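A quick write-up on the structure given underneath.
Values below: every heavy atom of this structure, side chains too, minus hydrogens, waters and symmetry copies. It should be emphasised that the depicted structure is a prediction, and the values quoted were computed from it without experimental measurement. In the text below, chain A, chain B and the rest are named by the order of the sequence lines, each starting its count at 1.
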Amino acid sequence: MIARVVVDVAARQTDRPFDYRVPEEAEAWIEVGSRVAVPFGGRTVQGFVVGFAQEAEVEPGRLKPIGELLDPTPPLRPDLIELARWMADTYGCTWTAAMQAMIPAALKGKAERMVSLAQNPGAADHAEAAPGLSDALIAWLKRYGPVKLTTLLERFPDEAQAVSGALRRGVLAESAQVRDRLSVKKILTVFPPEDRAAAEAAAAAFPARLTKQRQALLHMLERNEPVPLRRLAEESGFSESIFRALADKGLLSIEAVEEDRDPYAGRRFTPTRPLPLTDAQAAAYRRIAEALESGKPAAMLLQGVTGSGKTEVYLQAIERCIASGRQAIVLVPEIALTPQMVERFKGRFGSDVAVMHSRLSLGERYDEWRKVRDGRVRVAIGARSAVFAPFERIGLIIIDEEHESSYKQEESPKYHARDAAVHRAGQHGAVVVLGSATPSLESFAAARLAPAAAAAESGGQADGPAARVCPGAALRSAEWLPLPERALGLPLPPVDIVDMREELAAGNRTMFSRRLREALTQRLERGEQTVLLLNRRGYSTFVMCRSCGYTAGCPHCEIALTYHQRSGVLRCHYCGHAERQPEECPACGSPHIRYFGTGTERVEEELYRAFPGIRVIRMDVDTTGTKGAHEKLLSAFGRREADVLLGTQMVAKGLDFPLVTLVGVIAADTSLHLPDFRAAERTFQLITQVAGRAGRHDLPGEVVVQTYSPDHYAIRAAQRHDYDGFVREELRARRLLSYPPFCRLALATLSHPELPKLAEAAERFAAALRGAAASAGLLKPLAGGSGAALELVGPAASPIPRLKDRYRWQVMIKYRGIVDAAGLIRQAAETLAGDRSAGDVQISVDVDPQVIL
DNA sequence: AGCACGCCGACT
DNA sequence: GTCGGCGTGCTC
């Protein structure tokens with residue numbers, strides 16, 4: 001039997017299956033999805049089995065055997081292997097990178113090169129046989145046996161060459177070992193005797209001096225169930241050695257048993273029952289249930305205003321799904337995966353839920369993942385990567401807050417979880433439910449424009465604007481399920497727009513408008529709480545010398561440094577570079593340094609100044625860096641230990657505190673004027689989301705939005721809670737400028753340490769791309785017509801023109817219809833690489849980029 | 001990516 | 001004459 005293996009080597013050239021002979025004893029165990037260690041080019045690497053064949057594609061002489069099967073149960077399944085292939089094709093990443101993204105980090109073991117002294121019976125001592133190696137090194141190897149090559153070289157850096165020579169001459173022996181980064185946690189557990197009668201008899205016959213052993217045995221006989229050794233010792237008062245002695249006599253058995261690290265151990269979740277549904281909820285639930293029943297893949301857009309009870313629909317749909325013997329996945333944005341959220345799912349489904357997110361430790365994540373793989377749970381809830389939960393028969397995939405850009409992974413593999421979910425649903429005949437109060441324009445297009453386009457097409461008019469929508473890599477169309485009302489019948493809070501230009505004209509130079517100041521004062525008097533949003537961290541956004549105009553920039557990136565007052569440093573938010581705040585201008589020596597722009601740190605300071613005695617909790621990347629900090633801050637706010645929760649967009653999602661009656665947006669313009677075609681969409685979503693935090697319970701809420709652009713349609717529409725109105729305007733703009741959802745984008749970014757070399761490479765790359773597109777007959781304007789079309793934009797400097805000492809240029813592809821964008825970019829990259837002078841140019845691909853910046 | 005093979009300068 | 005520099009090419 002031949003296994004086709006994709007090895008874990010991050011290179012384009014090796015990203016394909018290699019054939020290996022399967023040893024006979026492994027035949028019964030090896031499957032598509034198995035993880036194996038294989039010899040590859042003179043070393044051992046790990047890889048995944050992606051298929052089998054009767055005959056190898058290379059001559060049998062070159063075939064090597066699989067080294068080792070690394071897991072008793074395959075970590076991947078055939079559907080995930082295929083999904084990884086689809087990701088590689090769609091997003092231009094490697095197959096192996098996509099597969100690596102699907103398994104927990106604990107399994108990403110690398111093969112270690114181990115070194116030891118070769119057995120050399122002829123030589124009197126090793127120093128004689130190994131010239132060049134120091135006595136100290138030889139003694140060390142003798143003492144510690146096979147050691148990692150890297151460890152050896154770290155300890156004896158001067159002898160690297162001698163070691164490599166010794167390895168070549170066979171004086172030192174080398175072996176390879178693939179080791180996981182973590183093993184299953186095992187716990188010593190005492191089992192009751194198999195032969196109870198014999199044990200009782202033995203206990204009766206114990207001599208008097210062994211009273212402790214006798215009593216301990218009787219205790220265990222009474223317990224009569226497996227008990228962890230440590231706990232048994234604690235509860236019985238006998239030491240562990242007493243039980244070990246009994247085990248030595250064969251009266252009890254002690255075994256190491258696998259144990260899960262349960263991140264929610266000891267936490268009690270209040271069980272909840274299904275709530276009665278409103279008419280709209282019931283209608284949505286019915287449609288989802290029907291789709292589940294049919295067993296055919298389907299996508300649904302559940303569009304419900306904040307507080308409309310989307311979660312209850314999810315919960316009941318999941319119940320329906322698991323009752324029919326299938327499993328369900330729930331995706332939520334990472335920052336929304338709060339204890340409040342987990343509680344709702346644990347409360348309904350108890351121990352049937354696995355929770356997967358980045359705040360868990362390596363071991364906890366591994367254990368939650370194993371619960372899924374081993375079929376011990378039927379529901380998985382987690383961030384983006386939970387879309388890869390290794391369930392066997394998926395019935396339902398829910399994507400909550402589907403418009404969130406965090407569903408797109410920003411590092412390779414740059415996949416979009418929404419599209420990966422739709423593809424996976426296709427494999428399983430599952431239903432995807434996209435939930436949001438403010439759906440992305442892509443999902444709106446899939447639910448509202450695509451069906452209209454299909455209808456027009458069947459009516460013979462294939463050329464309308466709706467015919468040109470391209471919602472995503474996998475999402476084509478969806479059924480629309482609206483929830484227009486809040487479940488408790490509460491009104492949405494009124495939104496007040498404050499024109500900050502008028503504040504300035506009236507002589508108010510602070511960052512708080514009179515309206516916001518008054519509202520905040522009122523809340524302080526009444527003992528109610530406030531959420532303040534400012535989408536920018538740090539103290540000030542740029543630092544400028546008033547004498548000469550010098551601005552502090554990052555030496556590695558072409559970007560302004562942000563001043564962080566508490567730590568007294570200027571920091572680059574892109575590469576992390578930090579330097580001390582200057583006392584005087586580094587360019588002209590003038591002491592007149594001014595800090596412009598406002599971040600959360602500065603707002604906090606101003607709050608203390610403007611409202612003496614106010615209690616503020618600031619929540620941003622800087623205050624939530626440590627494990628559990630996020631939850632700690634939120635629960636402190638929940639206990640009324642602060643009057644104001646101030647933060648970046650992480651305060652906008654999913655929070656539900658009954659005493660919050662005021663929400664303030666300090667500067668809506670922060671996100672509105674970014675050079676990104678989604679800036680208006682983001683701003684509308686952010687204001688709508690954060691507004692939804694106010695007045696969710698008995699007390700009515702209100703929202704104050706401060707802006708210098710009070711007439712912008714995104715802000716006006718947010719004020720009216722008017723999603724449809726916003727989308728109408730936004731679609732008009734997108735169509736005019738040819739942006740999603742009327743086309744798709746793929747961004748190729750080239751980088752190089754030297755600008756002239758980069759510029760030249762970028763030109764040649766763009767020319768190669770244009771050539772490839774033209775010969776495929778795709779290069780034609782997007783405006784008008786239908787069918788596949790493609791336009792190139794650039795090459796031009798990237799919005800971040802330099803990052804980590806590399807200049808960056810980009811080429812954007814806009815396209816619609818059936819176009820293999822990732823393939824075209826790869827083709828052009830290969831053309832460029834074939835050219836000798838290309839040098840150190842790196843090319844990265846981002847298909848369906850969510851952030852153009 | 002690694003690692004071996006292979007062809008040119010500075011040392012035992 | 002050998003060691004070792006890193007350019008090119010392959011890994012079942």
Expressed as a whole number of angstroms, how long is the span from [X]:[atom1] to [N]:[atom2]?
{"X": "A:Gln13", "N": "B:dA1", "atom1": "CD", "atom2": "P", "value": "9 Å"}
{"X": "A:Ile2", "N": "C:dC12", "atom1": "CD1", "atom2": "P", "value": "13 Å"}
{"X": "A:Gln100", "N": "B:dA1", "atom1": "CD", "atom2": "C1'", "value": "13 Å"}
{"X": "A:Gln46", "N": "C:dT11", "atom1": "CD", "atom2": "P", "value": "21 Å"}
{"X": "A:Phe48", "N": "C:dC12", "atom1": "CZ", "atom2": "P", "value": "19 Å"}
{"X": "A:Asp8", "N": "C:dT11", "atom1": "CG", "atom2": "P", "value": "19 Å"}
{"X": "A:Arg43", "N": "B:dC5", "atom1": "CZ", "atom2": "P", "value": "15 Å"}
{"X": "A:Gln54", "N": "C:dC12", "atom1": "CD", "atom2": "P", "value": "22 Å"}

Categorize [X] for me: base, sugar-phosphate, or nothing, with a 4.0 angstrom heavy-atom threshold over every strand shown.
{"X": "A:Glu57", "value": "nothing"}
{"X": "A:Arg16", "value": "base"}
{"X": "A:Pro17", "value": "nothing"}
{"X": "A:Ala11", "value": "base"}
{"X": "A:Phe40", "value": "base"}

In terms of ring plane angle, is the pair A:Trp86 and A:Tyr91 parallel, tilted or perpendicular, where the classes change at 30° and 60°?
perpendicular

Would you find a donor on one side and an acceptor on the other, under 3.5 Å apart, between the side chain of A:His416 and the backbone of A:Arg418?
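A pair under 3.5 Å: yes.
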
When you check the side-chain N and O atoms of A:Gln327 and A:Glu392, is any donor under 3.5 Å from an acceptor?
no

Determine whether the side chains of A:Gln409 and A:Arg384 contain a donor N or O and an acceptor N or O closer than 3.5 Å.
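Result is yes, a qualifying pair exists.
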
C:dC12, OP1 or OP2 - any side-chain N/O from A:Arg62 closer than 4.0 Å?
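The answer is no; no side-chain N or O of A:Arg62 sits under 4.0 Å from OP1 or OP2.
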
Hits for side-chain hydrogen bond (donor to acceptor under 3.5 Å, both in side chains) against A:Arg85, two or more places apart or cross-chain, chain-then-number order -> A:Asp89

